Novice: 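Got a structure for you, questions after.
This one's a predicted model, so the numbers in the text were calculated from it and none came from an experiment.
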Amino acid sequence: MGGLLEILGRAIAINTSELIWHWLSERRQARADAELPDNPPLDHVLDLMGYGKFSEAREQVRLYLLADPSCSLGRMVAAALLLQENNLKEAVQELNSIYVRQPNNTLALYVLGHCFERLGQQAQAVEFYQDCIKFNGQLQLPAQRLAAIYF
């Protein structure tokens, strides 16, 4: 029983800000490998985050989003920075902006579920986790969180 509880508690302790940063960094590398165009402003923000320069990164992403408010990747970076500050409510606003544009974005769905779970809004968390699994049934983190909530 203790092992089950340990497994179910594991996914809530994940640093979602770091998860987003890692995902975006991998995406940047895949883009470079495929010889697709760079996004220098966002790449610079990711570098700042990697060096732990969060206040500089926040300012740069703010300026970037002023110029391109509909950029989902920019919104994801902004959400990661807000999660770094444990500012869940504003992170939800950024993630909702992504969700409206890309309702099948599994990272946004998972992080929305995670934020709502941490805010104590289990019903909303369950909806986002279920949607996440609906689009990709192989994802382990939302499945673990659903199991923990139902347990």
Novice: Taking atom CG of Asn104 and atom OH of Tyr99, what is their separation to the nearest 0.5 Å?
Specialist: 10.0 Å
Novice: Identify the heavy atoms of Ser17 and Asn15 that sit nearest to each other, and give their distance.
Specialist: N-OD1, 3.0 Å
Novice: Would you kindly confirm whether Leu95 and Val126 end up in one hydrophobic cluster when ILVMFWY residues are joined by side chain heavy atoms under 4.5 Å apart?
Specialist: yes
Novice: Ignoring hydrogens, what is the shortest heavy-atom contact between Ile149 and Ala125? Give both atom names and the distance.
Specialist: CD1-CB, 4.3 Å
Novice: Leu81, Leu48: one ILVMFWY side-chain cluster at the under-4.5 Å cut-off?
Specialist: no
Novice: Taking Leu63 as the starting point, is it possible to reach Met76 by hopping between hydrophobic residues whose side chains are less than 4.5 Å apart?
Specialist: no
Novice: Closest approach of Ala80 and Ile20, non-hydrogen atoms and distance?
Specialist: CB-CG2, 3.7 Å
Novice: Atom CD1 in Ile98, atom CG in Leu109: separation rounded to 0.5 Å?
Specialist: 10.0 Å
Novice: Quick check on the hydrophobic clustering: are Val111 and Leu119 connected, directly or via other members, by side-chain heavy-atom contacts under 4.5 Å?
Specialist: yes
Novice: If a pair satisfies salt bridge (charged side-chain N to carboxylate O under 4.0 Å, His left out) and one of its residues is in residues 66-81, list it, with sequence neighbours excluded.
Specialist: Arg75-Glu94
Novice: Quick check: are there more than 12 heavy atoms from other residues, nucleotides or ligands sitting under 6.0 Å from CD of Gln122?
Specialist: yes
Novice: Out of curiosity, Gln93 CD to Leu88 CG, how far, rounded to the nearest 0.5 Å?
Specialist: 11.5 Å
Novice: With a 4.5 Å cut-off on side-chain heavy atoms, are Val77 and Met49 touching?
Specialist: yes
Novice: Any chance you could measure Leu112, atom CG, to Cys132, atom SG, to the nearest 0.5 Å?
Specialist: 10.0 Å
Novice: Look up atom CG in Leu46 and atom CZ in Arg27, then write down how far apart they are to the nearest 0.5 Å.
Specialist: 11.0 Å
Novice: Looking at Ala91 and Leu82, what are the two nearest heavy atoms and their distance?
Specialist: N-CD1, 3.7 Å
Novice: Among the clusters formed by ILVMFWY side chains lying less than 4.5 Å apart, do Leu19 and Leu139 turn up in the same one?
Specialist: no
Novice: For a side chain to side chain contact (heavy atoms under 4.5 Å, CB included) check, start with the C-alpha distance between Glu90 and Glu85, then their side-chain angles and the critical distance, and finish with the verdict.
Specialist: CA-CA 10 Å; Glu90 286 188 36; Glu85 300 172 344; over 6 Å; no
Novice: Test your reading of the model: is there a side-chain donor-acceptor pair from Tyr129 to the backbone of Leu141, 3.5 Å cut-off?
Specialist: no
Novice: Show the nearest heavy-atom pair for residues Cys115 and Leu83, with the distance to one decimal.
Specialist: SG-CD2, 3.6 Å
Novice: Distance from Phe128 atom CZ to Asn96 atom CG, nearest 0.5 Å?
Specialist: 5.5 Å
Novice: Can you sort out the partners of Gln130 under side chain to side chain donor-acceptor pair (under 3.5 Å), two or more places apart, ordered by chain and number?
Specialist: Tyr150
Novice: Can you tell me which residue pairs pass the ring-ring contact (aromatic ring centres under 6.0 Å, His included) test with a partner in residues 53-88, sequence neighbours excluded?
Specialist: none
